[in-house]
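As structure tokens, the structure follows; a few thoughts come after it.
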Protein chains: 2
Amino acid sequence: MKSVGKTGFLTGLPELLILRLLQDQEMYGYEIVQAIAQRSGGVVTPGEAVVYPLLRTLERDGDLKSRPEPADGRTRVYYALTSKGVRRLFDQTDQWTRVAKAIQQALR
Amino acid sequence: MKSVGKTGFLTGLPELLILRLLQDQEMYGYEIVQAIAQRSGGVVTPGEAVVYPLLRTLERDGDLKSRPEPADGRTRVYYALTSKGVRRLFDQTDQWTRVAKAIQQALR
DNA sequence: TCTCTATACCTTGGTATTCAAGGTATTATA
DNA sequence: TATAATACCTTGAATACCAAGGTATAGAGA
């Protein structure tokens, strides 16, 4: 009874979108939350309860690195892709493309 | 604290694929399991632990109706789409299309 | 002044979805 | 005789996700 526990075939979309956003520029969490909703046309809208923990997980895995920066008395935590993160982005993107093609095919 | 509990943006892919298969012809569970893997090019391969319960859920919801048929001493349970199920198929397909477009867009 | 909104971080509790790994029973194949 | 294929099924666990909260600062409006 090993049980690796994957939840879905294309879960991890929030992750993919985060990685993609960070490819263009470093961003802080709150900004990312807004940006995803906007960039996905409101179709995919992971909230803060999804994004904040995900960012920390990605950093723990070495895909992101963070840098706190004070702004207006608040503190922003900026995240940037590492080279590992870039690879992960490419992998995830490929994965997505494969799945999307397969489904497209299957639905015809 | 309502908590409706959706797991993903594109979970429910097995469901969509099942509905799509049944649009063409009625099928029994075991057959569906094989067919999905084949039809999706091996990318999406929900096992029996996913498909069997799903079929019963869909039937309970009125999207499918079932018909047992003895074959070779075994018993096959054939499933067919109801008109409600057809509508569900269309809805899910639209949903998928919207998500796929949005992600495509976001990844560019 | 007081309140409300926006920003920016965070957590808790709960649920649906999916998977690995089993189990039963029959028939066909080696 | 054993193994594989067919055909149904379940259990237990992991995970991803969401709703709904909470803290604290700054600015705008009443």
Side-chain angles (χ1 to χ4, degrees), chain A residues 1-19 26-38 40 42-61 66-79 92 95-96 99, chain B residues 1-18 26-38 40 42-61 66-79 92 95 99:
Chain A
M1 248 178 256
K2 200 67 103 22
S3 219
V4 191
K6 271 189 46 187
T7 299
F9 309 96
L10 357 79
T11 35
L13 251 192
E15 181 188 307
L16 173 55
L17 293 173
I18 288 173
L19 293 173
E26 69 172 4
M27 289 195 193
Y28 56 96
Y30 190 83
E31 191 183 13
I32 292 177
V33 173
Q34 325 292 325
I36 292 183
Q38 200 209 338
S40 79
V43 175
V44 181
T45 56
E48 306 181 10
V50 173
V51 171
Y52 287 129
L54 235 180
L55 288 170
R56 289 195 302 267
T57 299
L58 286 169
E59 177 168 30
R60 190 171 356 101
D61 290 352
S66 71
R67 174 179 68 79
E69 181 168 293
D72 271 336
R74 295 168 198 103
T75 299
R76 292 173 175 167
V77 183
Y78 278 87
Y79 288 89
Q92 300 267 102
Q95 168 75 10
W96 161 258
V99 172
Chain B
M1 248 178 256
K2 197 67 103 26
S3 217
V4 191
K6 270 188 45 187
T7 298
F9 308 97
L10 358 82
T11 36
L13 251 192
E15 180 186 306
L16 173 55
L17 293 174
I18 288 173
E26 69 172 3
M27 288 196 195
Y28 56 96
Y30 190 83
E31 192 185 12
I32 292 177
V33 173
Q34 324 294 325
I36 292 181
Q38 200 209 338
S40 80
V43 175
V44 182
T45 55
E48 306 181 9
V50 172
V51 171
Y52 288 129
L54 233 179
L55 287 170
R56 289 194 302 267
T57 300
L58 286 169
E59 178 167 31
R60 191 169 356 101
D61 291 354
S66 71
R67 173 178 70 78
E69 182 168 292
D72 269 337
R74 295 167 199 103
T75 299
R76 293 174 175 167
V77 183
Y78 278 86
Y79 288 89
Q92 300 267 101
Q95 168 76 10
V99 171

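Proteins get letters first, then strands, A, B, ... in listed order; numbering begins at 1 in each. As the structure is a prediction and not an experimental result, all values here were calculated from the model.
For A:D61 and D:dT15, the CG to P distance is 12 Å, given to the nearest whole Å. Straight-line distance from the CG atom of A:D72 to the C1' atom of D:dG27: 10 Å, rounded to whole Å. We find that CD1 of B:I32 is positioned 11 Å from P of D:dC9, with the value rounded to whole Å. If you take CE of B:M27 and P of D:dA7, they are 13 Å apart, rounded to a whole angstrom. Between the C1' atom of C:dT18 and the CG atom of A:L13 lies a distance of 16 Å, rounded to the nearest Å. Spacing between atom CD of B:E69 and atom C1' of D:dA7 amounts to 13 Å, rounded to whole angstrom units. Rounding to whole angstrom units, OH of residue B:Y28 and P of D:dT6 are separated by 8 Å. Straight-line distance from the OH atom of A:Y30 to the P atom of C:dT11: 17 Å, rounded to whole Å.
Between the OH atom of A:Y79 and the CG atom of A:L58 there is a distance of 9.5 Å, given to the nearest 0.5 Å. Atoms CG and CE, on A:L55 and A:M27 in that order, are 11.0 Å from each other to the nearest 0.5 Å.
Evaluation of the salt bridge (charged side-chain N to carboxylate O under 4.0 Å, His left out) rule for B:D61 yields no partner, not counting sequence neighbours. Shown here are the side-chain contact (heavy atoms from CB on, under 4.5 Å) partners of A:Q34, two or more places apart in sequence or in another chain: A:Y30. Taking the salt bridge (charged side-chain N to carboxylate O under 4.0 Å, His left out) definition, one finds that A:E31 meets it with nothing, sequence neighbours left out.
Atom CD of B:E69 has more than 12 neighbouring heavy atoms from other residues, nucleotides or ligands inside a 6.0 Å radius.
Among pairs with a residue in residues 47-59 of chain A, those fulfilling side-chain hydrogen bond (donor to acceptor under 3.5 Å, both in side chains) read A:E59-A:S66, at least two apart in sequence or across chains.
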Using the 3.5 Å cut-off, write out each protein N or O paired with an N or O of nucleotides 22-24 of chain D and the distance between them.
none

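Judged by closest nucleotide on DNA chain D, B:E31 is the one of A:G12 and B:E31 placed further toward the 5' end. Residue whose closest nucleotide on DNA chain C sits further toward the 5' end, between B:P46 and A:G29: A:G29.
Of the residues in residues 49-60 of chain B, those lying under 4.0 Å from DNA chain C by heavy-atom distance are B:A49, B:V50.
B:P68 and B:T75 make their closest contact through CB-CG2, 4.3 Å (heavy atoms, listed as atom of the first residue, atom of the second, distance).
In this structure the side chain of B:L54 never reaches within 4.5 angstrom of the side chain of B:V51, judged on heavy atoms.
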